[in-house]
Amino acid sequence: MSDDSAERPRMPSGDEPPPVPADDAGAASMPPRAGAGGREGSPAPSARADQKPAPHGGARLPHRASPEPPPVVGDAAPIIPSAHPARSITPAGGRWSDERVEAWIGMLLRSGVILAAIVASIGAVFFIAHYGARRADYHTFRAVPAGLDSVAGVVAGALALRSRWIIQLGLLLLIATPIARVAFSLVAFVLQRDRMYVLVTALVLGLLLFSLMGPGF
Amino acid sequence: MTTGGQMPIALMMVLEAVGAVAAGLLGALTGLGGGIIIVPMLTLLFHVDIRYAIGASLVSVIATSSGAAAAYVREGYTNVRVGMLLEVATTLGAITGAFIAGYVSTSVIAVIFGLVLLFSAYRATRPLPEAPVVAAPDRLASWLRLHGDYPTPEGKRSYLVRRVPAGFGLMAVAGAISGLLGIGSGVVKVLAMDQAMGLPFKVSTTTSNFMIGVTAAASAGVYLHRGYLEPALALPVMLGVRAGALLGARVLTGARTATLRRIFNVVMVVIALEMLYKGLSGGI
């Protein structure tokens with residue numbers, strides 16, 4: 001990793017200076033939490049054996065051997081009710097705790113998708129009104145017209161109220177959503193003074209912006 | 001349907017949206033996501049050039065991932081550090097894959113697509129073997145502070161992470177597949193985190209979901225500049241897949257779906273073979 005040198009002095013232990021939430025510092029240096037009932041807590045086989053019959057525990061988490069598919073998509077896949085007792089009493093709270101950041105990120109993602117869908121749909125209404133009766137021909141690839149293939153071009157066209165460009169602007173907003181999420185994580189890592197992950201996240205963000213805004217390929 | 005190239009644009013957009021809802025439903029049903037169905041649907045059924053199809057599919061992948069991640073992220077399963085670190089690999093892979101996509105023939109892409117589809121169908125039928133629990137802290141993973149915890153009804157349960165380089169390598173492959181084919185490649189991502197790195201299954205799937213959107217956004221830039229993103233094709237797909245995924249998550253739960261899933265697996269194999277055939281015979 002490129003952050004090698006910056007982080008090397010701290011390497012021997014995962015202990016971080018105070019600014020990092022207690023939660024994270026602990027996770028690295030201290031192996032299992034005794035009270036957490038973790039699989040790792042006790043020697044593997046027995047820990048696993050007595051974990052399975054848990055009456056209500058196993059019911060909600062999808063078990064690997066069950067025929068249920070992995071919940072890769074789908075919002076309502078089995079999710080534990082949001083009031084986790086352990087969560088609310090965690091002392092690691094703090095303004096920039098991982099939990100708070102995650103909550104904001106969730107909101108950001110949802111709003112991004114909705115906004116993108118609204119903008120693109122508005123464009124689509126006008127697009128269909130004007131060009132809906134034309135014959136579709138997407139069998140031969142010709143690349144979209146100039147202006148529709150760059151961020152600046154799309155913004156300019158959308159401002160000129162060209163319907164196809166407005167749809168594309170909506171799609172760009174959608175593409176920007178995960179990028180904004182990474183940018184948000186970057187800010188959070190900066191505020192947590194987590195230098196290693198500031199570097200990692202900045203690298204990811206740089207790659208994303210390079211791909212979207214870069215000179216093209 | 002064979003005259004897909006001739007119908008009015010408005011009709012095509014509507015039919016495409018309907019197909020995309022079905023794809024989103026099936027994606028939610030199998031846990032594979034909608035993208036893997038969209039490309040064959042657009043190319044085989046609507047006779048759309050595979051490059052437009054890949055662009056439209058990729059956009060729908062972002063919509064599905066972001067929408068689902070919004071729900072997951074708040075629940076505290078997602079391991080943001082693992083996700084962010086591995087995203088270095090997936091974004092690099094995705095940009096490379098999207099770059100390569102511009103230089104290989106569409107037939108080659110169709111063949112690779114068919115193979116990935118076959119592999120995914122195979123994976124979907126086979127539950128993953130139980131990955132051994134990581135007992136001792138791995139040095140690199142500790143240094144990177146990747147260990148985490150996730151909520152259970154009994155409180156937080158912590159876990160350890162291992163084999164970071166293997167996971168990183170697999171993620172680069174997942175990214176390249178995603179960039180080349182316009183799919184989320186969640187199957188490979190989950191393999192990397194669950195099997196290679198020892199993350200709990202639920203954490204793997206949610207973190208994978210979070211990463212899929214970022215990976216897809218990395219290729220989307222390249223696709224945009226190449227002119228693969230045709231708004232009239234991508235929009236109905238995006239709205240349809242998202243609606244289908246939402247609907248699927250609501251209605252397709254429970255054991256009754258087992259048969260449906262089995263049927264769908266056969267359909268996937270058939271589609272895969274047709275993609276392979278079309279690719280090899282130069283039909284795509």
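Numbered from 1 within each chain, the chains take letters A, B, ... in sequence-line order.
With salt bridges taken as basic N to acidic carboxylate O contacts below 4.0 Å, one links A:Arg164 and B:Glu230. Of the charged side-chain nitrogens involved, none lies within less than 4.0 Å of a carboxylate oxygen, so that A:Arg135 and A:Asp137 do not count as a salt-bridged pair.
Contact of A:Ile166 with chain B is not made at all, since no heavy-atom distance falls under 4.5 Å. Residue contact with chain B, scored on non-hydrogen atoms closer than 4.5 Å, involves the side chain of A:Thr177 exclusively. In this structure, chain B has heavy atoms under 4.5 Å from both the backbone and the side chain of A:Phe141. For a residue to count as touching a neighbouring chain, one of its non-hydrogen atoms must lie under 4.5 Å from one of that chain's; by this rule B:Leu92 touches chain A with backbone and side chain alike. Looking at B:Leu239, the atoms closer than 4.5 Å to chain A (heavy atoms on both sides) all sit in the side chain, from C-beta outward. In this structure, the portion of B:Leu233 lying under 4.5 Å from any heavy atom of chain A is its side chain and not its backbone. When heavy atoms are compared at a cutoff of 4.5 Å, B:Met84 approaches chain A by way of both its backbone and its side chain. Looking at A:Ala133, only its backbone comes within 4.5 Å of chain B, counting heavy atoms on both sides.
Judged by distance alone, with hydrogens and angles left aside, the side-chain atoms of A:His139 form a donor-acceptor pair with the main-chain N or O of B:His47 at under 3.5 Å. Side-chain N or O atoms of B:Arg226 include one that pairs as donor or acceptor with a backbone N or O of B:Ala98 at under 3.5 Å. Proximity of a side-chain donor or acceptor of B:Tyr223 to a complementary backbone N or O of B:Ala56 within less than 3.5 Å is not detected.
Most heavy-atom pairs under 4.5 Å with chain A, from the set B:Leu11, B:Thr43, B:Leu42, B:Leu229: that is B:Leu229. Of the listed residues A:Leu207, A:Ile128, A:Val113, A:Ile114, the one with more heavy-atom pairs under 4.5 angstrom with chain B than any other is A:Leu207. Ranked by heavy-atom pairs shorter than 4.5 Å toward chain A, the options B:Asp49, B:Leu235, B:Thr90 are led by B:Asp49.
Annotation: side chain to side chain donor-acceptor pair (under 3.5 Å) contacts of A:Arg134 (sequence neighbours excluded): none.
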Could you go through residues 144-152 of chain A and list every donor-acceptor pair under 3.5 Å that involves a side-chain atom there, pairing it with any protein atom two or more places apart or in another chain?
{"unit_1": "A:Asp149", "atom_1": "OD1", "unit_2": "A:Gly147", "atom_2": "N", "d": "3.4"}
{"unit_1": "A:Ser150", "atom_1": "OG", "unit_2": "A:Gly153", "atom_2": "N", "d": "3.1"}

